[in-house]
Amino acid sequence: MRIFNALDSIKLNNKKTCVTIGNFDGVHKGHQYLLTQLQTYARQTDTQSVVVTFDPHPLRVLHGAKQPPFITLTKQKLELIEKMGIDAVFCVNFTRELANLNPENFVETYLVNALSMRHLVIGYDYAFGKNRSGNFETLQKLGEKFGYSVRQSEPFIHEGETVSSTRIRKMIEAGQVFEARELLGRFYRVEGQVVHGQNRGGRLLGFPTANLCLTDELFPLPGVYAVFAEYENMVMPAVANIGFNPTFGNDVLSVEIHIPNFSADLYDKWLKVHFVRNLRPEKKFGGLDELKQQIQADITQTQAILASDTTQTKSFLWTTPPASTTN
Ligand code: RBF
Ligand code: MG
């Protein structure tokens, strides 16, 4: 998959393009459904599939605040789009100036001239620009002028409700990682660099933990989770604790991973954590022994959960297209 970050770096072969545009936070099953339609349509029309997305997320630029936290940061988002088999991504640098372009200017410069767009496929609720003026009707009118067709896809429904980034964010914030897996088509995952923690896990408890440094993304409700830890090409059963370590009277939130039977030094390394199940809330224990016993019980429970889930596990580590739309 080719990735373009600026107008002047776009190099496409002679094929015209079939484009979709959006934020795609989460690259969830709804997005996957749209991306699969994009590819099918590109194949039928002998065009190449291109995803146009933005970085930073428009909400960050326009509202400044760290809200909402993202399900996927750009790096992970692009990896997942690549897994879907898309030909190219144009990751447009989002600025206030860009936000002020009118839809016609944006379409002409970014989609028609830069990408040679012949077809546009948009999500059921997509609109861009000031007051959402770049909506289906506007895009269709512009299509007559610039010579492209527009299709709008339908919402992707799971258990009677549309799959959306908002719905998934709420689940993760409530610790419902198993439920979120259904809407994502994969485990919810965070990733980051391993940083120095309190140095207490190994020495004091006998359960060393890798502390993750997260920046901007959403993390699940504080508590203990059965997870898969992915390091280089290894995927290992592990336990995660997201919390404040109340037993020790800490007041900083940490995201810690203990990988049983694994002793490599992970400091400064990149670790991915796939959330499988929520086990319990974090608790304040009366003493070290009680906490140690509980952590051992968490490990035993995790091993049982992950072993019983083996047939499904591999396919949930990465995104898979919705079954109904594969051919
Ligand atoms: N600390 C707590 O104070 N309460 C807990 O319930 C708790 N549960 C944990 C469960 C697991 C699986 C792990 C790996 C750690 C847990 N900890 C808990 C965190 C522990 O206090 C921490 O790893 C050490 O203090 C080192 O930072
Ligand atoms: Mg640690």
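In each ligand, atom 1 is the first atom listed, and ligand 1 is the first ligand listed. Remember, predicted model here, so these are calculated numbers, not experimental data. These values consider heavy atoms only, across backbone and side chains, with no hydrogens, waters or symmetry-generated copies. Sequential numbering from 1 along the given sequence is applied to the chain's residues.
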Problem - Pair Glu79 + Arg189: basic N to acidic O under 4.0 Å - result: yes
Problem - Heavy-atom donor-acceptor pair, Ser49 side chain to Asp87 backbone, under 3.5 Å - result: yes
Handout entry: Under-4.0 Å salt bridge between Glu104 and Lys145
Key = yes
Practice task
Quick one: name the protein N/O/S atoms under 2.8 Å from the Mg ion (ligand 2), chain by chain.
Solution key: Thr209 O, Thr209 OG1, Asn211 OD1
Exercise for the section: State whether a side-chain donor-acceptor pair under 3.5 Å links Thr162 with Ser164. Expected result: no
Exercise for the section: Could you tell me whether Asp25 and Lys77 make a salt bridge, using a distance below 4.0 angstrom between a side-chain N and a carboxylate O? Expected result: no
Practice task
Could you verify whether a donor N or O on one side chain and an acceptor N or O on the other, from Asn102 and Ser133, lie under 3.5 Å apart?
Solution key: no
Exercise for the section: Consider only side-chain N and O atoms of His258 and Thr209, and report whether a donor and an acceptor are under 3.5 Å apart. Expected result: no
Problem - Contact residues of ligand 1 (heavy atom under 4.0 Å), by chain and number - result: Arg200, Gly201, Leu205, Thr209, Val224, Val239, Asn241, Asn245, Pro246, Thr247, Phe248, Glu256, His258, Arg280, Glu282, Lys283, Phe285, Leu291, Ile295, Asp298
Problem - Residue pair Glu182 / His158, side-chain donor-acceptor N/O under 3.5 Å - result: no
Exercise for the section: Verify whether one side chain among Thr74 and Asp55 offers a donor that lies under 3.5 Å from an acceptor in the other. Expected result: yes
